[in-house]
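Reminder, nothing fancy here: chain letters follow the sequence lines and each chain counts from 1.
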2 protein chains.
Amino acid sequence: MTKDYPRPSVTVDLVIFTIATNDLKVLLIRRDVEPFKGHWALPGGFVGIDESLEDAAARELQEEAGVKQVYLEQLFTFGEPNRDPRGRVISVAYFALVDSEQQQVVAGSDAAAAEWYSVFQPPPLAFDHRQILEYAVWRLRNKLEWTTVGYELLPQKFTLSELQRVYEIILQKPVDKRNFRKKILAQGQIKELSEIRTEGAHRPARLYSFKQH
Amino acid sequence: MTKDYPRPSVTVDLVIFTIATNDLKVLLIRRDVEPFKGHWALPGGFVGIDESLEDAAARELQEEAGVKQVYLEQLFTFGEPNRDPRGRVISVAYFALVDSEQQQVVAGSDAAAAEWYSVFQPPPLAFDHRQILEYAVWRLRNKLEWTTVGYELLPQKFTLSELQRVYEIILQKPVDKRNFRKKILAQGQIKELSEIRTEGAHRPARLYSFKQH
DNA sequence: ACAAAAGTGTTGAGAGTACACCCATGC
DNA sequence: GCATGGGTGTACTCTCAACACTTTTGT
């Protein structure tokens with residue numbers, strides 16, 4: 001029954017976020033072929049015929065960013081008929097959160113030119129990737145306010161000031177220190193460690209870690 | 001570049017909600033062919049090769065439920081390799097809200113057997129449609145708490161008691177009348193009409209209508 | 001007059017927000 | 001001893017939840 005219909009191609013595209021140099025970054029790949037040659041694009045690729053969407057996204061994440069076991073969530077499916085000039089391509093977009101330690105090891109390890117760009121000043125993007133990126137940022141902001149997803153952008157052990165910086169960078173507004181700590185601790189999702197981070201010429205900070213995951 | 005990959009089929013499936021007989025209903029189609037012959041399924045169909053996903057969903061909505069211009073939102077994309085035994089089918093699920101007046105005119109107008117079922121006691125469903133339905137109900141509940149989407153299930157003019165019933169039916173719990181009215185009015189999204197509904201042997205109720213749409 | 005749904009305010013608890021000073025360390 | 005980031009508490013506002021009686025109509 002399904003044989004007679006012309007079929008679209010199906011891809012997954014990834015919005016891979018990380019925090020670096022006090023900014024929210026997204027991983028982009030430089031296109032070296034037409035169309036959009038010289039523009040940047042979200043990493044992505046075709047979905048294997050026997051591969052689930054989530055598996056395809058995880059595979060791309062591994063191939064392009066060299067990470068696995070990170071936070072990954074389906075974002076939206078983009079399917080305008082003319083979004084790709086080469087033909088009908090339906091893209092299932094995912095977004096991923098990579099912690100700031102893993103990220104540094106990996107950027108640029110791929111053969112293709114890959115770079116972390118600020119999501120707030122992105123270069124010209126191919127296809128409808130600008131729209132996908134904007135939607136992903138919107139979703140990330142929402143999730144940050146209603147869930148505890150912020151921990152995914154930090155290494156296992158972190159200080160409360162580091163976590164606060166993550167919130168400030170993503171929401172693009174200052175956060176009150178006392179209220180932030182009160183709210184985060186009240187959620188009961190992080191535990192205080194006995195360790196303390198001594199670095200820099202200041203008072204050492206207590207380390208915390210996320211309870212599950 | 002896209003030629004060599006075996007391509008999946010892409011469909012849209014619709015979770016079409018309405019309110020009737022004090023219950024939240026979903027439109028289901030009885031399958032008269034294998035697989036899942038005799039089971040019920042969400043209405044849906046293939047996405048045309050030059051048709052956007054949203055257009056495909058709107059078209060199915062028109063064909064299966066006979067309505068247009070109703071609330072329609074993309075839900076999630078389901079793509080497990082074995083969700084359809086006939087082959088690889090990726091389904092972009094949408095959910096739609098049909099007001100209780102339009103619904104009555106249309107149910108059963110299609111040639112295929114179509115029926116409104118309670119979402120809380122659904123019959124055996126084909127494929128992964130049970131999972132899609134459950135996710136849609138979850139999303140509807142969330143939207144109801146954070147947005148003003150409830151109006152979409154009522155005709156243009158409605159009483160506050162009718163709106164409250166919509167909330168109670170969907171959330172499956174009683175709602176305090178005074179708090180409900182206070183909250184709804186505070187949102188500033190509905191306006192009081194001069195009209196009054198006189199029906200039944202009781203005090204007539206004031207009518208309201210939604211401000212935009 | 002009575003049955004049935006419409007309509008209406010107040011109080012208390014908890015969450016969120018604003019706000020300023022001392023602490024521990026390296027140099 | 002000073003510069004730098006770490007760490008702490010209180011008061012106010014606003015939102016949400018609980019709760020009971022009067023009004024208007026048809027019969």
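Here dT24(D) is the nucleotide among dG5(D), dG9(D), dT24(D) with the atom lying nearest to any side-chain atom of P204(B). With distances taken from any side-chain atom of A205(B) to the nucleotides dA18(C), dA6(C), dA17(D), the minimum falls on dA6(C). Taking the side chain of N179(B) as heavy atoms from C-beta on, and the options dA17(D), dT17(C), dG7(C), the nearest nucleotide is dA17(D). Counting only heavy atoms from C-beta on, K182(A) has its side chain closest to dT10(D) among dT10(D), dT8(D), dG6(D). Comparing dG7(D), dA6(C), dA4(C) by their closest approach to the side chain of R203(B) singles out dA6(C). The side chain of R206(A) lies closest to dG7(D), out of dG5(D), dT8(C), dG7(D).
With hydrogens and angles ignored, a donor-acceptor pair closer than 3.5 Å exists between the side chain of R178(B) and the base of dA20(D).
Ion pair K157(B)/E101(B) not flagged as a salt bridge, since none of the NZ, NE, NH1 or NH2 atoms sits closer than 4.0 Å to an Asp/Glu carboxylate oxygen. A salt bridge does not link E162(B) to R165(B): none of the charged side-chain nitrogens sits closer than 4.0 Å to a carboxylate oxygen. Ion pairing between R206(A) and E192(A) holds under the 4.0 Å rule for side-chain N and carboxylate O.
Atom CZ in R197(A) sits roughly 16 Å away from atom C1' in dG7(D) (whole-Å rounding). What separates CD1 of I184(B) from C1' of dC16(D) is a distance of 14 Å, to the nearest Å. The distance from atom CZ of F180(A) to atom C1' of dG5(D) is 16 Å, rounded to the nearest whole Å. Summarising the geometry, the separation between CD on E195(A) and P on dG6(D) is reported as 17 Å, rounded to the nearest angstrom. Taking atom CG on L185(B) and atom C1' on dC16(D), their separation rounds to 16 Å, with Å as the unit. The interatomic distance linking L160(A) (CG) with dG6(D) (P) rounds to 10 Å, in whole Å. With rounding to whole Å, Q187(A) atom CD is found 18 Å from dG14(C) atom P. In this structure, L163(B) atom CG and dG7(C) atom P are separated by 13 Å, rounded to whole Å.
Residue-level contact check: K177(B) touches the bases, meaning some heavy atom is under 4.0 Å from a base atom.
When the nearest nucleotides of DNA chain C are assigned to D176(A) and H202(A) by heavy-atom distance, the more 5′-ward of the two goes with D176(A).
S161(A) has a side-chain polar atom (N or O) that falls below the 4.0 Å cut-off from OP1 or OP2 of dG6(D). Of the side-chain N and O atoms in R181(A), one or more sit less than 4.0 angstrom from OP1 or OP2 of dG7(D).
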Let me have the donor-acceptor pairs involving side chains of residues 130-137 of chain B, under 3.5 Å, with sequence neighbours excluded, atom names and distances please.
{"from": "R130(B)", "atom 1": "NE", "to": "E134(B)", "atom 2": "OE2", "distance (Å)": "3.1"}
{"from": "Y135(B)", "atom 1": "OH", "to": "R139(B)", "atom 2": "NH1", "distance (Å)": "3.3"}

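Taking OG of S9(B) as the reference point, atom CD1 of I90(B) lies at 9.0 Å (rounded to 0.5 Å).
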